[in-house]
Amino acid sequence: WLESGKLPEQALPAAPTTPAVKASENTIAYLHALYTKKPVRAAGDGRSRELFFIGLDAHAWGIDEADAVKLATRISVEKHEPPEKADVIAHQIKSAFKYRRGDFGSLLTEAATKTEKQQVAARLKFERIGRARDLLAGYIYVHGAERLVNRDTRFELTTLQQINNYILSSLGEPVTLADVLQNSAIETADAVDFAPGEPELFDRVGQKIFNKFQAGDAPATDGKAKAAVKVFREHIAYLSTSENEEKTLLEFFAFIAQRPGEKLTWAPLIISKNTGIGKSALSELAAQLLGAHNVGYAESDDLTGQHTDYIAEKLLVVAHEVETGDKNVMRRLKSLITEPRVRVIAKYARTYETRNCANFLFFSNRLD
């Protein structure tokens, strides 16, 4: 048998046995009762996501895919007006079975080894985690940056303590982020980036990337638009001391508005010893063009300090009252203006790297 390369029959290891798992009607009724207690969701208000969650729970409780579709259909008929389409239900259940972590019927198998009292405690924990999942349905957790981000508002929590405190204060029940992650109760990504032109979630070198870029509102196209352009051009001309300066500033604003995410390797510095001439109006305009959430503001101390969170996920950084003659600071500014990536350093948060899409606009009242 050595020459043939085959082991004799008696030497072959026994194939692992997988216990047959099949949910009872009581388990299906339990999940049905659990979901019918949840708030009624209108179309576009998380109905598809709820169907996906039904699939996740069905998988964990040993309900096969066909029965899970029947359960989700029944819940939709009872809770949704009109009921969700059959193909949408089937797709959400199929996706849930594909992406669910853990073995099929893991909760059912685990319950079989527990006492009745322990089974009650386990179900109560399962229901708490379900409520945490509903709370965090609009969030995504990014492992590489260790932060919880609201996908609509981009509000984020940046430490484990903040996240656990948020869950506890919102639910009033002891559920931790570890519980949520272990039970696939929240969508996750491997890393975060700021990438205009990419979808919210995209793959890069085998990693799932969460894109924090959000475009600003579309510009107005009503009759006031031409008047606004006229006022803007007149204001640029008023701040400029030559036609070349005026042309350069106009092209600067055109570039950052039309090509979000692309960097210039230089930045305008607008100097005037007089105050109240309307320099700040340019930054207000930029916030209208790009979206206020895409514009950051920095003081001289920010530019010289070690923290760089003011530049993270921004298309433009406006620095008022710039004042320095320090060559080290100038080298640092050059790096921030020109480098394609930036290491984001913030207080009490994990350091991470992201794309540097920020262009800069500097103001000063000192002629020197």
Side-chain angles (χ1 to χ4, degrees), residues 44-46 48-50 52-53 55-56 92 95-96 98-101 129 132-167 170 175-217 260-263 290-296 307-317 339-358:
D45 185 31
S48 295
R49 186 167 56 224
E50 184 175 69
F52 181 78
F53 290 163
L56 293 180
Q92 293 301 103
S95 297
K98 178 180 178 181
Y99 292 109
R100 169 78 197 196
R101 296 190 187 97
I129 292 171
R133 181 174 62 190
D134 293 338
L135 171 70
L136 301 175
Y139 286 78
I140 187 168
Y141 179 72
V142 183
H143 291 285
E146 287 187 347
R147 60 193 57 215
L148 184 71
V149 186
N150 186 301
R151 299 173 72 164
D152 295 324
T153 65
R154 294 304 192 257
F155 164 76
E156 60 185 41
L157 299 165
T158 58
T159 67
L160 181 61
Q161 184 177 356
Q162 286 180 352
I163 296 169
N164 285 334
N165 286 346
Y166 174 70
I167 297 172
S170 300
V175 181
T176 67
L177 176 65
D179 293 328
V180 172
L181 292 174
Q182 185 179 2
N183 288 273
S184 305
I186 187 172
E187 186 159 11
T188 62
D190 299 308
V192 65
D193 209 341
F194 189 72
E198 295 283 0
E200 185 185 56
L201 289 170
F202 63 96
D203 290 328
R204 184 174 62 201
V205 197
Q207 284 194 318
K208 184 178 180 182
I209 308 297
F210 174 60
N211 182 9
K212 287 189 70 178
F213 172 71
Q214 281 186 314
D217 295 332
E262 295 188 33
K263 272 183 75 68
L290 305 174
H293 54 281
N294 287 320
V295 178
H307 298 114
T308 54
D309 47 326
Y310 67 89
I311 195 177
E313 289 94 39
K314 302 300 178 188
L315 295 177
L316 179 71
V317 172
E339 291 297 324
R341 297 192 69 78
V342 63
R343 194 148 191 81
V344 181
I345 304 172
K347 285 184 179 179
Y348 315 118
R350 181 173 177 174
T351 298
Y352 67 98
E353 187 179 280
T354 187
R355 185 174 167 188
N356 180 9
C357 294

Between [atom1] of [X] and [atom2] of [Y], what distance do you get to the nearest 0.5 Å?
{"X": "Ile209", "Y": "Phe194", "atom1": "CD1", "atom2": "CZ", "answer": "15.0 Å"}
{"X": "Arg343", "Y": "Tyr352", "atom1": "CZ", "atom2": "OH", "answer": "11.0 Å"}
{"X": "Asp134", "Y": "Ile129", "atom1": "CG", "atom2": "CD1", "answer": "12.5 Å"}
{"X": "His293", "Y": "Thr153", "atom1": "NE2", "atom2": "OG1", "answer": "11.0 Å"}
{"X": "Cys357", "Y": "Lys263", "atom1": "SG", "atom2": "NZ", "answer": "8.0 Å"}

For the residue pair Ile167 and Thr176, establish whether any side-chain heavy-atom pair is separated by less than 4.5 Å.
-> no

Please report the C-alpha distance between Ile186 and Leu148 in whole Å, then the side-chain angles of each, then the deciding distance to 0.1 Å, and finally whether the side-chain contact (heavy atoms from CB on, under 4.5 Å) criterion is met.
-> CA-CA 10 Å; Ile186 187 172; Leu148 184 71; 3.3 Å; yes

Please check if the side chain of [X] supplies one atom and the backbone of [Y] the other of a donor-acceptor pair under 3.5 Å.
{"X": "Arg355", "Y": "Gly261", "answer": "yes"}
{"X": "Asn183", "Y": "Ala185", "answer": "no"}
{"X": "Gln162", "Y": "Arg147", "answer": "no"}
{"X": "Asn294", "Y": "Leu290", "answer": "yes"}

Can Leu201 and Ile140 be said to form a side-chain contact (heavy atoms from CB on, under 4.5 Å), step by step?
-> CA-CA 10 Å; Leu201 289 170; Ile140 187 168; 3.7 Å; yes

By side-chain hydrogen bond (donor to acceptor under 3.5 Å, both in side chains), Glu339 pairs with (sequence neighbours left out) none

Can you check side-chain contact (heavy atoms from CB on, under 4.5 Å) on Glu353 and Val342, steps first, answer last?
-> CA-CA 6 Å; Glu353 187 179 280; Val342 63; over 6 Å; no

Atom of [X], atom of [Y] and distance for their closest heavy-atom approach:
{"X": "Arg154", "Y": "Lys212", "answer": "NE-O, 3.2 Å"}
{"X": "Ile311", "Y": "Asn356", "answer": "CD1-OD1, 3.5 Å"}
{"X": "Val344", "Y": "Ala312", "answer": "CG2-CB, 3.6 Å"}
{"X": "Gly206", "Y": "Asp190", "answer": "O-OD2, 4.4 Å"}
{"X": "Leu136", "Y": "Tyr166", "answer": "CD2-CE2, 4.1 Å"}
{"X": "Ala191", "Y": "Val142", "answer": "C-CG1, 3.5 Å"}

Test salt bridge (charged side-chain N to carboxylate O under 4.0 Å, His left out) applied to Asp193 and Arg341, step by step = CA-CA 10 Å; Asp193 209 341; Arg341 297 192 69 78; 3.6 Å; yes

Step by step, would you call Glu187 with Arg49 a salt bridge (charged side-chain N to carboxylate O under 4.0 Å, His left out)?
-> CA-CA 11 Å; Glu187 186 159 11; Arg49 186 167 56 224; over 6 Å; no

By ring-ring contact (aromatic ring centres under 6.0 Å, His included) - contacts of Tyr141 (at least two apart) | His143

Counterpart residues, ring-ring contact (aromatic ring centres under 6.0 Å, His included), relative to Phe210 (two or more places apart) = none

Start with the C-alpha gap between Asp152 and Gln214, add the side-chain angles, then the distance that decides, and say whether side-chain contact (heavy atoms from CB on, under 4.5 Å) holds.
-> CA-CA 9 Å; Asp152 295 324; Gln214 281 186 314; 5.7 Å; no

Around atom CD of Gln161, are there more than 12 heavy atoms of other residues, nucleotides or ligands at under 6.0 Å?
-> no

